[in-house]
Amino acid sequence: MSDRAFDHATEAFAFIDSLDDLISPDDVVEAVARTFSLFGFENFIMTGLPNPKERFEQVVLLKKWPMGWFDIYAKHDYVRSDPIIRLCKNTTQPFEWSEAPYDRMTERKAAEVMDRATDFRMRDGFCLPIHGVNGYEACFSMSGVDLDLSPRTKPALHLMAMYAFERARRLLETQSPVAPSLLTPREREALIWAAAGKSAADTGEILGITERTVTAHIVSACQKLEAVNKTQAVARALQYKLIQL
């Protein structure tokens, strides 16, 4: 591992360790802003993805956006045209904003969203989609102008974003989570490989079981950990020290 890659890994784990000490959502905002700025990020948002009957401002968890941009985004209901949001709904993998496709000629409002975001120094970005087992959809999207988005930094950003979202969600809950049941060995294995970025099909090949069985183990783990999706189940299993990377 290169010195730079080691530094990114060290920074990521230091950030993750610090999250348990945060006692308010504002603490999470400050910690994310401070650490993610090391990678060039200036702004971020953690938000649910609204259904057709919901307003964008109703589903936002935490944010650090430029003054004025949130009001503009909500007023024009840009969430319905935003290519970043659209891709979030159709993938489970983290992606760069530049990977979210749209046609500038036929999707004028999508182009407008991206152009106006650039006016607020939100030119490029990185996004973590979050999909719950019960249909819950959310994302952690971060942006800036001069970003460090190399193959070595993306895993660190992914891990930090996953943990930050989980910590924010838990702090925003009105009830304390129930202590998790112990996971079975197979459930732990499925989550370990999920944490390593493996799909259910990949994990099935590694463990010598079917993809459907892997999915069943992950769903069971989610239920035991009271997690809304695989990403949060991994984060909680790590937090409760039920698995190790």
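Hydrogens, waters and symmetry mates play no part in the numbers below; they use all other heavy atoms, side chains included. For clarity, every value in this text was computed on a predicted model and none was experimentally measured.
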Worksheet item: Can you list the steps and then say if L147 with F39 is a side chain to side chain contact (heavy atoms under 4.5 Å, CB included)?
Response: CA-CA 6 Å; L147 306 182; F39 298 84; over 6 Å; no
Discussion item. If you take the centroid of each ring, where Trp contributes its six-membered ring, are F44 and F36 closer together than 6.0 Å?
Written reply: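 No: the rings miss the under 6.0 Å criterion.
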Worksheet entry | Parallel, tilted or perpendicular: ring planes of W69 versus Y73, cut at 30 and 60 degrees |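 W69 and Y73: perpendicular rings.
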Item to complete: Test side chain to side chain contact (heavy atoms under 4.5 Å, CB included) on T35 and E11 and set out the steps.
Response: CA-CA 8 Å; T35 301; E11 186 64 45; 3.7 Å; yes
Shortest non-hydrogen contact between [X] and [Y], atoms and distance:
{"X": "K154", "Y": "L149", "result": "CE-O, 3.8 Å"}
{"X": "A156", "Y": "A12", "result": "CB-CB, 4.0 Å"}
{"X": "C127", "Y": "C139", "result": "SG-CB, 4.0 Å"}
{"X": "A31", "Y": "F15", "result": "O-CE1, 3.7 Å"}
{"X": "A233", "Y": "A227", "result": "N-CB, 3.4 Å"}
{"X": "V29", "Y": "K64", "result": "CG1-CB, 4.4 Å"}

Discussion item. Just to verify, what does S220 make a side chain to side chain donor-acceptor pair (under 3.5 Å) with, not counting sequence neighbours?
Written reply: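 Side chain to side chain donor-acceptor pair (under 3.5 Å) list for S220, sorted by chain: E187.
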In Å, rounded to the nearest 0.5 Å, how long is the span from [atom1] of [X] to [atom2] of [Y]?
{"X": "F56", "Y": "D82", "atom1": "CZ", "atom2": "CG", "value": "8.5 Å"}
{"X": "Y163", "Y": "L19", "atom1": "OH", "atom2": "CG", "value": "9.0 Å"}
{"X": "L171", "Y": "E166", "atom1": "CG", "atom2": "CD", "value": "10.0 Å"}
{"X": "T203", "Y": "I218", "atom1": "OG1", "atom2": "CD1", "value": "6.0 Å"}
{"X": "I130", "Y": "L61", "atom1": "CD1", "atom2": "CG", "value": "8.5 Å"}
{"X": "S143", "Y": "F120", "atom1": "OG", "atom2": "CZ", "value": "12.0 Å"}

Any side-chain heavy-atom pair of [X] and [Y] under 4.5 Å:
{"X": "D77", "Y": "R55", "value": "yes"}
{"X": "L191", "Y": "L225", "value": "yes"}
{"X": "D27", "Y": "D21", "value": "no"}
{"X": "T47", "Y": "K63", "value": "no"}
{"X": "S98", "Y": "D124", "value": "no"}
{"X": "V28", "Y": "R170", "value": "no"}
{"X": "Q232", "Y": "F165", "value": "yes"}
{"X": "V219", "Y": "T215", "value": "yes"}

Exam field: side chain [X] to backbone [Y], donor-acceptor pair closer than 3.5 Å:
{"X": "E112", "Y": "R108", "value": "no"}
{"X": "T91", "Y": "L87", "value": "no"}
{"X": "K109", "Y": "H76", "value": "yes"}
{"X": "R186", "Y": "H217", "value": "no"}
{"X": "S81", "Y": "Y78", "value": "no"}
{"X": "R188", "Y": "I243", "value": "no"}
{"X": "H131", "Y": "C88", "value": "yes"}
{"X": "T153", "Y": "D148", "value": "yes"}

Look at the side-chain heavy atoms of Ile, Leu, Val, Met, Phe, Trp and Tyr, link any pair under 4.5 Å apart, and say whether [X] and [Y] land in one connected group.
{"X": "I209", "Y": "I206", "answer": "yes"}
{"X": "F140", "Y": "F95", "answer": "no"}
{"X": "V59", "Y": "W65", "answer": "no"}
{"X": "L157", "Y": "M122", "answer": "no"}
{"X": "I72", "Y": "V113", "answer": "yes"}

Under 6.0 Å from the [atom1] atom of [X], do we count more than 12 heavy atoms belonging to anything else shown?
{"X": "K198", "atom1": "NZ", "result": "no"}
{"X": "R212", "atom1": "CZ", "result": "no"}
{"X": "K89", "atom1": "NZ", "result": "yes"}

Item to complete: Give the C-alpha distance, both sets of side-chain angles, the deciding distance and a yes or no for side chain to side chain contact (heavy atoms under 4.5 Å, CB included) between C222 and V228.
Response: CA-CA 7 Å; C222 286; V228 299; over 6 Å; no
Fill in: Any residue meeting ring-ring contact (aromatic ring centres under 6.0 Å, His included) with Y102, in chain and number order, not counting sequence neighbours
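Partners of Y102 by the ring-ring contact (aromatic ring centres under 6.0 Å, His included) criterion come out as none, since no residue qualifies.
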Discussion item. Going by the rule ring-ring contact (aromatic ring centres under 6.0 Å, His included), which residues pair with F126 if we only count those two or more places apart in sequence or in a different chain?
Written reply: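 F126: no ring-ring contact (aromatic ring centres under 6.0 Å, His included) contacts found.
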Worksheet entry | Pair F70-E57, side chain to side chain contact (heavy atoms under 4.5 Å, CB included): steps then yes or no | CA-CA 9 Å; F70 181 80; E57 55 268 34; 3.8 Å; yes
